[in-house]
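The structure appears right after this line, and notes come after that.
Numbered from 1 within each chain, the chains take letters A, B, ... in sequence-line order.
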Number of protein chains: 2
Amino acid sequence: MTGHNPGMNVTGHTSRTASIRDVAAAANVSYQTVSRVINGHPSVKQSTRERVLAAIDELGFRRSATAHALASGRSRSVTVLTANTTHHGYASILQGIEEAARSASYTVAIGVLESADETAVRAEVQRAADAGGGLIVIAYDPAGVRALQQVPEGIPVVGVVETPARTPGSDRPWVWTDDRVAAYEATRHLLSLGHETVHYVAIPSSTRRTAARTAGWRAALREAGAPEPRPVQGTWGPAGGHAAGRKLAADPSVTAILCGNDDLALGVMRALHEAGRSIPGEVSVAGFDDAPHAAYLTPSLTTVRLDFTGLGRAAFGLLHGVVEQSAPVAPHPVSVPELVVRESSGPPPVIS
Amino acid sequence: MTGHNPGMNVTGHTSRTASIRDVAAAANVSYQTVSRVINGHPSVKQSTRERVLAAIDELGFRRSATAHALASGRSRSVTVLTANTTHHGYASILQGIEEAARSASYTVAIGVLESADETAVRAEVQRAADAGGGLIVIAYDPAGVRALQQVPEGIPVVGVVETPARTPGSDRPWVWTDDRVAAYEATRHLLSLGHETVHYVAIPSSTRRTAARTAGWRAALREAGAPEPRPVQGTWGPAGGHAAGRKLAADPSVTAILCGNDDLALGVMRALHEAGRSIPGEVSVAGFDDAPHAAYLTPSLTTVRLDFTGLGRAAFGLLHGVVEQSAPVAPHPVSVPELVVRESSGPPPVIS
DNA sequence: GCCAGGATTGTGACCGGTCACAATTACCTC
DNA sequence: GAGGTAATTGTGACCGGTCACAATCCTGGC
């Protein structure tokens with residue numbers, strides 16, 4: 001025997017799924033006709049089509065996605081590159097992408113950027129690129145930002161970014177939520193309650209200088225002529241918030257805290273509680289994202305709702321437009337953040 | 001010109017990445033030799049290998065994953081089928097799988113089972129199967145269970161299940177955590193504090209009858225001769241817990257509640273708070289999973305820690321063993337749950 | 001100096017589809 | 001019934017790799 005036969009399994013039965021050639025033989029037509037049928041090509045005689053269709057489901061034929069991708073050059077797949085898959089924002093974006101991808105019958109792969117290390121990132125980007133489809137990079141952190149830069153030329157890519165490029169009018173395939181406005185509004189809310197200033201616990205940021213949330217917070221303070229305390233650096237999870245919260249709790253002048261996300265807020269609240277400071281009686285706390293638990297905490301958390309799922313869907317939509325270049329690439333969809341006031345924010349304590 | 005050229009992009013420049021034939025030409029060897037070099041085959045003369053290597057990185061050659069998969073029949077990829085990607089347990093399992101897969105240089109794809117509807121599930125399973133690689137099905141819910149059943153013969157698959165098959169000694173490629181024991185221990189903990197009985201808020205379960213968590217809870221009650229209240233059906237998120245909690249809060253005889261997961265517990269705690277019942281003074285609450293927020297709630301949540309990440313890694317390990325059938329398939333790895341006692345559980349109120 | 005045998009390298013076919021174009025067949029009109 | 005056009009169907013090459021086997025190159029032993 002010549003050639004090879006990877007479809008042979010251990011038992012010796014040739015169990016490989018039927019190919020179009022097999023179907024063609026069964027239906028007594030050429031493989032090309034089978035190809036036409038499975039692709040819904042119009043010019044196939046009705047009777048022939050039926051014969052082929054019958055053969056197809058008798059043999060249980062299913063078109064190999066791999067072979068299709070190789071031959072056609074179109075892979076109908078997206079790889080999502082992200083530094084994390086579990087935190088609320090990331091997970092929700094991924095969910096949104098998956099939803100949109102599924103309904104366009106695209107396949108979704110994920111690649112996690114475990115470290116922001118240059119070569120590690122490069123390796124992961126390469127792997128993703130080799131997969132053949134498009135890329136969506138979540139660039140909320142240094143690893144993601146670096147990944148976005150390293151995507152080789154010629155590969156369709158969409159970035160989910162924190163802040164749009166310096167030129168907002170540019171047509172980079174990017175999507176984002178207006179975190180700056182969101183932070184601005186949350187801060188204004190707290191200031192409007194009468195707080196002298198608002199402290200900020202930051203998420204690990206992609207680009208320190210221009211971090212949108214930080215910028216929005218600062219802008220609101222500046223506009224109100226409030227003092228600008230240094231932001232406290234946090235992590236993504238509650239543990240980081242807890243650490244930050246302890247420092248802030250020790251400072252009696254702190255009466256309002258804005259947190260980079262709801263998990264951070266949770267940690268901060270816990271730290272305040274441990275320090276015996278009541279919320280919102282002595283200190284007000286606001287979060288960011290409106291994660292599912294925010295509404296159920298005690299006190300429930302004032303936060304800014306961000307539509308991450310929608311963001312994910314938009315990202316996929318953009319990518320889809322890019323690869324099927326038929327669809328005109330829609331301009332950057334930007335979802336509007338919404339302030340959700342709950343129990344954790346209130347007026348500052350009265351100084352007596 | 002005959003044939004086709006999918007690598008031609010809009011600009012007309014042929015930008016396709018070099019193939020082994022291109023490299024071969026550049027290095028003045030046959031394509032087979034290039035193949036040998038990239039696969040590390042031993043019998044290639046050192047000087048030739050170097051020449052090829054030089055050509056490879058001069059041309060920026062990267063082996064097409066698609067072509068490789070098609071020709072070799074091995075795709076080095078896993079598709080994870082799951083009903084959800086955002087809830088703690090699911091997300092952590094996915095994370096574990098991804099970690100393990102990445103270090104084995106496998107690609108991870110995800111397929112979400114949006115509904116448990118028979119045909120919807122079948123469609124998604126088919127899509128996953130068409131992708132070519134192995135499958136890991138998270139079967140914690142009806143959709144997942146159904147998916148696991150529908151995986152066509154001949155495709156390597158590993159199930160992450162709630163309860164092992166009726167015959168624990170069977171060698172189905174399944175992994176699980178011992179949720180039954182976990183629930184049993186949590187319940188015992190509460191009973192040992194003096195509660196007359198423990199109520200249970202259940203997660204949507206895969207197989208009502210045999211739901212492991214429910215079974216463990218029931219076993220502990222029975223063993224202690226405690227009354228067995230009907231479990232309250234919850235959802236996966238805090239909202240469901242909140243609804244369940246309202247019912248339970250209305251019943252003054254309820255002094256201890258075990259929840260099917262930490263999000264449910266959060267909702268329950270909130271409902272109790274709204275009803276003016278203190279935790280743990282009047283009612284004790286215990287969760288399940290030890291999600292990141294559990295330790296930071298106020299009161300912090302007593303729960304059972306489950307190693308989902310490890311479970312995910314184990315699932316991948318099993319799958320890897322199955323596909324590279326060289327590695328002996330390890331017996332079901334079972335991680336041991338650990339009770340974490342925190343502030344939300346305490347003795348029942350003294351009846352005076 | 002010739003030959004066997006291992007080390008290297010090359011050739012042809014194949015994986016399961018798609019594309020471009022040629023070949024047939026069917027249907028209409030005059 | 002001939003001729004022409006539209007509708008169907010078939011053929012050959014190709015995507016970018018891998019496998020099986022054949023061919024060529026070297027080297028040492030006699």
- prompt: Hey, mind stepping through A:Asp130 and B:Arg63 against side chain to side chain contact (heavy atoms under 4.5 Å, CB included) and telling me if it holds?
  reply: CA-CA 8 Å; A:Asp130 292 349; B:Arg63 180 240 253 107; over 6 Å; no
Rounded distance in Å - [atom1] ([X]) to [atom2] ([N]):
| X | N | atom1 | atom2 | value |
| --- | --- | --- | --- | --- |
| A:Asn39 | D:dT9 | CG | P | 15 Å |
| B:Ile20 | C:dC15 | CD1 | P | 17 Å |
| B:Asp22 | D:dC15 | CG | P | 9 Å |
| B:Arg76 | D:dG17 | CZ | P | 16 Å |
| A:Leu70 | C:dT18 | CG | P | 11 Å |

query: So what does B:Arg63 touch, heavy atoms closer than 4.0 Å: a base, only the sugar-phosphate, or nothing?
result: sugar-phosphate
Has [X] got a side-chain N or O lying under 4.0 Å from the OP1 or OP2 atom of [N]?
| X | N | result |
| --- | --- | --- |
| B:His68 | D:dG16 | no |
| A:Arg74 | C:dC19 | yes |
| B:Ser35 | D:dT18 | yes |

statement: Against the side chain of B:Gln32, the closest entry in C:dG10, C:dG17, D:dG16 is C:dG10
field: Shortest side-chain distance from B:Ala67, nucleotide among D:dG16, D:dT18, C:dG16
entry: D:dG16
query: Excluding sequence neighbours, so at least two apart, what forms ring pair (Phe, Tyr, Trp, His ring centres under 6.0 Å) with A:Tyr106?
result: A:Phe316, A:His320
message: Tell me every residue that passes side chain to side chain donor-acceptor pair (under 3.5 Å) with A:Thr85, counting only those two or more places apart in sequence or in another chain.
response: none
- line: Residues at least two apart in sequence or cross-chain that pass side chain to side chain donor-acceptor pair (under 3.5 Å) with A:Thr119, listed by chain then number, are A:Asp117
A:Pro173 and A:Leu319, any side-chain heavy atoms less than 4.5 Å apart: no
Under 3.5 Å between N/O atoms: give me all the protein pairs with nucleotides 7-9 of chain C, atom names plus distance.
{"unit_1": "C:dT9", "atom_1": "OP1", "unit_2": "B:Thr48", "atom_2": "OG1", "d": "2.5"}
{"unit_1": "C:dT9", "atom_1": "OP2", "unit_2": "B:Lys45", "atom_2": "N", "d": "3.0"}
{"unit_1": "C:dT9", "atom_1": "O4", "unit_2": "B:Arg36", "atom_2": "NH2", "d": "3.4"}

- prompt: Which residue pairs pass the ring pair (Phe, Tyr, Trp, His ring centres under 6.0 Å) test when at least one of the two sits in residues 49-77 of chain B, sequence neighbours left out?
  reply: none
message: Tell me every residue that passes side-chain contact (heavy atoms from CB on, under 4.5 Å) with A:Arg74, counting only those two or more places apart in sequence or in another chain.
response: A:Ser72
